[in-house]
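Worksheet: one structure, shown below.
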Amino acid sequence: MFPTDRPRRLRRTPALRQLVAETTLAPDDLVAPLFVVEGLDEPRPIASLAGQLQHTVESLVREVGVLRELGVGGVILFGVPATKDEVGSGAYDPDGIVQVALRAVRDEVGDDLVVMADLCLDEYTSHGHCGIVREDGTVDNDSTLALYARTAVEQARAGAAVVAPSGMMDGQVGAIRRALDDGGFADTVILAYAAKYASGLYGPFRDAVDVEIADGGDRRGYQQDWRNRREALREARADVAEGADIVMVKPAMTYLDVLSDLRRELDVPLSAYHVSGEYAMVKAAAANGWVDGPAVALEQLTAVRRAGADFVLTYFAHEVARVLQR
Ligand code: PBG
């Protein structure tokens, strides 16, 4: 018996493979997360995120300029304030570090690439939680919403084209949309971290933003339980109903089923966050010579697109954009 179906025919040459490829990955499918630290004199390497830096405003602006030349689709900024407090006031201070950085970046690149701001309080709170902490240690949803709303308006005023709420409070998208509209920022886009899991993969990020959750705590009281798949659809539908323009799944590689579900069920643009731990694992294995780092990065990011994401937030943006340009 001879096989009649011969899929290998289409794999014979690179040109054939390219012609029939179902999924593409281009620099403009990538968004680079960048960290900017208040009061820093020199950019500082982040040990657990090889190749990534805590930026000064100046080095941040330079890096965004390079990413623009590489054709990267966007950047998302995370601020690390010089001082933190119980209510995360640095997040909504008009002269807070992210607001200062947004103004500087927009001055440099305008709308050439999409300038986003992560919208949360955890980088700014002394206890490291994403909102207001009650006496009993739990995070209070509704009083936190008012602070997210203020933060959104300050970020938009400073030049964020997109605000990306990542705190997983119920009703956060609606509260932010109303505040933006009332503040005269009806054109500011909301990218909602809709299905954000209480993942073990955020470790290096917390080094990057100098966050330690108080009393050995965690975020399981507000981020999603990673045993749940259906719940992601419920979260994402709620966000779309409240006005999310784009929704996100986070992390990426362990949630491709969720991405695929959301792609099928929703008609808004969909993104995924290939998070710090995912990046660090590839980098660490590559540094040991155990895997080919750029090849694995390309495979993972393309898989995220294949599962349904229109674009990917990734620390590989710079490196992979260079590879793709060749
Ligand atoms: C919250 C936020 C986190 C990340 C992005 N936004 C941390 C958290 O929820 O603990 C993690 C991103 C990463 O790991 O790359 N502001």
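In listed order, ligands and their atoms are each counted from 1. We count residues from 1, following the sequence as given.
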Short list, please: which atoms of ligand 1 are under 4.0 Å from a heavy atom of [X]?
X	answer
S166	1 (C), 2 (C), 6 (N), 16 (N)
Y315	12 (C), 13 (C), 15 (O)
Y273	12 (C), 15 (O)
D118	6 (N), 16 (N)
D122	1 (C), 16 (N)

* Shortest protein heavy-atom distance from atom 2 (C) of ligand 1, along with the residue and atom involved -> K196 NZ, 3.1 Å
* Around atom 14 (O) of ligand 1, find the nearest protein heavy atom and jot down its residue, atom name and distance. => S276 OG, 2.7 Å
Where on [X] is there a heavy atom closer than 4.0 Å to ligand 1, on the side chain, on the backbone, on both, or on neither?
X	answer
V275	both
Y279	neither
C120	side chain

Using modelled atom types and a 3.5 Å cut-off, is there a donor and acceptor pairing between side-chain atoms of [X] and backbone atoms of [Y]?
X	Y	value
T144	I132	yes
W226	A198	yes
D85	S89	yes
D136	T138	yes
S59	T56	yes

* Structure fact -> Heavy-atom proximity to atom 3 (C) of ligand 1 ranks first, among K250, R219, R206, for K250
* Where the closest heavy atom to atom 12 (C) of ligand 1 is concerned, which of F205, F78, Y124, Y197 has it? -> F205
* Sequence neighbours excluded - salt bridge (Lys or Arg N to Asp or Glu O under 4.0 Å) pairs with any residue from residues 178-202 -> R177-D181
* Please, which pairs that meet ring pair (Phe, Tyr, Trp, His ring centres under 6.0 Å) have at least one residue in residues 141-178, sequence neighbours excluded? -> none
* To do: Given side-chain hydrogen bond (donor to acceptor under 3.5 Å, both in side chains), test E86 with H127 step by step and report yes or no.
  => CA-CA 7 Å; E86 288 278 303; H127 43 70; 4.8 Å; no
